[in-house]
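To start, the structure under review is shown below, and the notes come after it.
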Amino acid sequence: MERGIIPRKIKGFRDIDASLNELRQHIIRSASAVYRKYGFEHWDTPVLEYADALGKYMPDEDTVDQGVYNFRNPEEEPVAGTDGNELRDADAKAIMEHHALALRYDLTAPLARVYAERLWQDVKRKQIMETNAPLFRRFQYGPVYRYELKLMPGRFREFWQLDFDTVGTNDVAADAEACIILAEAMEAIGLNRGTYVVKVNNRKVLKGFLASIGVTGDQEEQGVLRVIDKLDKIGWSDVEAELGTGRTDSSGAAVPGMNLHAEAIGRIMRFLRSATGVSSRKSVLGELETAVAGNNLGMEGIAELKNMDALWAALGFDETRIIFDPTLMRGMAYYTGPVFEVESLLTFKDEKGKERKVGSICGGGRYDGLVEKLLGLKVPATGASIGVDRLAELLRMVDPAGVTAKGPVMIAFFDDDLQTQYYRIAAELRQAGIDVEVYCGFFKGFRKMNKQMAYADAKNCPAVILLGADEAAKGVATVKNLKLGKELALTTFDKKEWNAQVQKEVPLGNLVEYILGLPGMK
RNA sequence: CCCCCUGUAGCUCAGUUGGCUAGAGCGCCGGAUUGUGGUUCCGGAGGUCAGUGGUUCGAGCCCACUCGGGGGGACCA
C-alpha cells in the first residue's frame, strides 16, 4: 500500500480554539500585571536551545531520553573547549559537529542561559564575582515541551508556563515576595481567597534533619525526597512502606523500597507528621525547630522560614493565604532552599461522579546552583511558575459560561451593489473601536441569510447588521441583537414576534452610537 | 516501560446463547420560512463494526497478534 497523508496532530499536542485562547490571555494578562507591579520585566527566549545549555542534558548519539525533545542541528558548527576557543584536531583544523538541540522543557533553564550568556566574558575577566553579580528580575510566558511517555488527561507534551524569577540575591525576602506575588496573581486571575493556598517549605530543613539521623549522600537523599513527594498521592502508610522494604501496588506491580533502617523510618515519619494539622505558621516552626535541633543546615532553613514569616505577617498575609507544609518537596532536584506551591482547594466531579482534587497549579523555589552550572559562578536565584493550562482548566470548571470568546459584530451580505457600503460601514465602526466582520462566504448557497445568521451565531457575535435594498432606500440598517435573541428564545416561541423584539431599524448616521450602546459592547 | 480494562456513525452509546439489509439520541445537511441564528415539524446523508489472521455453514459478538483509547504503577532533569 502507498503511504498516505492523514491530517492529524502529534500526540500530546493540541489546537487551541478562540475560547481557550481567551482564557489563556486572561490568565497571562492578569498575572503579568502583578509581576510588573513588582518590577519584573518581560522577556522571551527561543523555544529551541543547545541541549547542553539547557542544563544537565547532554544527549549522547541520537537518543531521546529523559523526557526531552531533541534534534541535531542541520548546520555544522565548531566545537568549543572549556575556555571558549574552538577545539582543533592534529592538523589544526577546527572540529565541526551537528550540535544537539533541544526544545525547552521549562522557562527556568533558558533564564539561566540568558543570564550566564550576558556575563560569561566578564566572569572570565574576573570583573564579575559572587559579590557583585547583578540583580535580574524577569517574567516570561510561552510553550514548553516535554516528551511524556504516558499522557494523562490534563497532561500534555506542549503546554504553557508563566514564570517570574529573581536572579542575583540570596535574600529570602525574594522568596517571601514570590509567595506574595503568587497569592496576588491568583486573586487577579479570579480565584477567591480561601479557594487556594500557597504552601511553603524549605529543603534545608529536611536535608538537615536527614543528615542528623544519618541519611547522607545525594542518591539516598533524593530517594527519600522523591518518596515524600508522593505523599498526597499514595498516603502515609505507603510512604512508610517505600522508605522500608517496598510495597505492592493496586495493579500488583512491585514497588522497590529504600530499605532504610526501621529506626530512621520511624524518625522520618514522626518528623513529617509533627507539623500536620498544626494550623499556625509559628507553631509549625516550633515543631520543626525541636525536630532539627542541633543541625546547622536545618537551623539555617528554619531561620529563613522565620524571616519569610515575619515579612508576610507585616504585610497582612496570614494563614488564609500562605502556610508552612513540611511534607512539601517538589520533584525538581535543583531546588536548594525554600520551595513553594499553590494548591487549589476546589474539587470537582469526574465523569464517574468521583470527587477529585484540582491540586497543584503553581510551583517554584530557590535554585542556587543552576546558574553555576553554566557560568561557573555561584549566583543564587529564586522564582515560580504558573501552570497556565492547568489553571485554564480550573477556571473553565469554576465559570463555564465566562470563558467563551466574544465574536465581532457581523455585517450580513445581501447585495453586490451594496458591497462597498458594507466595507465603508465596517471601517467606520472599526474606527470607533468595534470589531467588525463583513460576511464573505461566497460559495454557492452560503450567501443565504440563514447561513449567515448561523455563522454569526456560532462565532458568538453580539449583533448582526442587515442592510438590503429596502434599508438602503430608507437610509437605515436593521440591527439584530443576537445576545438578546438568545435570551428571548427561552420565553418567546413565535418566530415573527421573536424577530420583532430583537431587531431595530437604525439610521445609518446613528449606527456607531447605537452599536456602542448595546449591552456588553462597552 | 510494566499490569488491568477497552475499541460499533462526527460525538455518546445500544446491539440477545454467533443467525436476514448493524440501530438510537445528539450533531450535520436540505426543506417548511427564496430577507434572518433559537424553538417546532418534515426529509436526507453518514459505517471496511480499529486492523490482520484464525475457528465456524455463518463473526460486530469466539481465539491470536498488531495498532489506538482509558485506568493504575515505574520514571520525571
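Throughout, a chain's letter reflects where its sequence line sits, starting with A, and its residues are numbered from 1.
The phosphate of B/A74 has OP1 or OP2 within less than 4.0 Å of a side-chain N or O from A/Lys230. Proximity of A/Arg226 to the phosphate of B/C76: a side-chain N or O atom is located under 4.0 Å from OP1 or OP2. Within the structure, every side-chain polar atom (N or O) of A/Lys495 is placed at least 4.0 Å from both OP1 and OP2 of B/G35. Between A/Lys486 and B/U39 there is no side-chain polar atom (N or O) within less than 4.0 angstrom of OP1 or OP2. The phosphate of B/G31 (OP1 or OP2) has a side-chain N or O of A/Lys448 nearer than 4.0 angstrom.
Here A/Phe493 does not lie in a stacked arrangement on the base of B/G38, lacking the combination of planes under 30° and ring centres under 5.5 Å apart. The aromatic ring of A/Trp498 is stacked on the base of B/G38, with the two ring centres less than 5.5 Å apart and the planes inclined by under 30°.
Ring pair A/Tyr50/A/His99 is perpendicular by interplanar angle, where above 60° counts as perpendicular and below 30° as parallel.
Using P as the reference atom, B/C67 and B/A24 are 35 Å apart when rounded to the nearest Å. Nucleotides B/G44 and B/G27 are separated by 14 Å at their C1' atoms, to the nearest Å. Across B/G73 and B/G54, the matching P atoms stand 40 Å from one another, rounded to whole Å. Separating the P atom of B/C3 from that of B/A74 is a span of 15 Å, rounded to the nearest Å.
Contacts with RNA chain B (heavy atom under 4.0 Å) in residues 475-483 of chain A: A/Lys480, A/Leu482, listed by number.
A cation-pi arrangement is not found for A/Lys486 relative to A/Trp498, the charged atom failing to lie both closer than 6.0 Å to the ring centre and inside a 45° cone about the ring normal. A cation-pi arrangement is absent between A/Arg157 and A/Phe13, since the terminal nitrogen or guanidinium carbon is not both under 6.0 Å from the aromatic centre and inside a 45° cone about the axis. Taking the centre and axis of the six-membered ring of A/Phe159, the NZ or CZ atom of A/Arg390 falls outside the cone set by 45° and 6.0 Å.
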- Query: Pairing of RNA chain B as dot-bracket, 5' to 3': ( ) intra-strand, [ ] crossing, | other strand, . unpaired, with Watson-Crick or G-U pairs under 3.5 Å?
  - Reply: (((((((..((((.....[...)))).(((((.......))))).....(((((..]....))))))))))))....
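With contacts defined as side-chain heavy-atom distances shorter than 4.5 Å, the pair A/Val339/A/Met329 does not qualify.
For A/Tyr145, the side chain to side chain donor-acceptor pair (under 3.5 Å) partners two or more places apart in sequence, or in a different chain, are A/Glu158. A/Phe340 pairs by the ring-ring contact (aromatic ring centres under 6.0 Å, His included) definition with nothing, not counting sequence neighbours. Among residues two or more places apart in sequence or in another chain, the side chain to side chain donor-acceptor pair (under 3.5 Å) test is passed with A/Thr492 by none.
Rounded to whole angstrom, the span from the OH atom of A/Tyr335 across to the C1' atom of B/C76 amounts to 13 Å. Put simply, CD on A/Glu487 is 18 Å from P on B/G37, counting in whole angstrom units.
The stretch residues 495-504 of chain A participates, sequence neighbours left out, in no salt bridge (Lys or Arg N to Asp or Glu O under 4.0 Å) pair at all.
Looking at A/Gln452, its side chain has no donor and acceptor atom pair within 3.5 Å of the base of B/G35.
A/Tyr455 comes within 4.0 angstrom of nothing in the nucleic acid, heavy atoms only.
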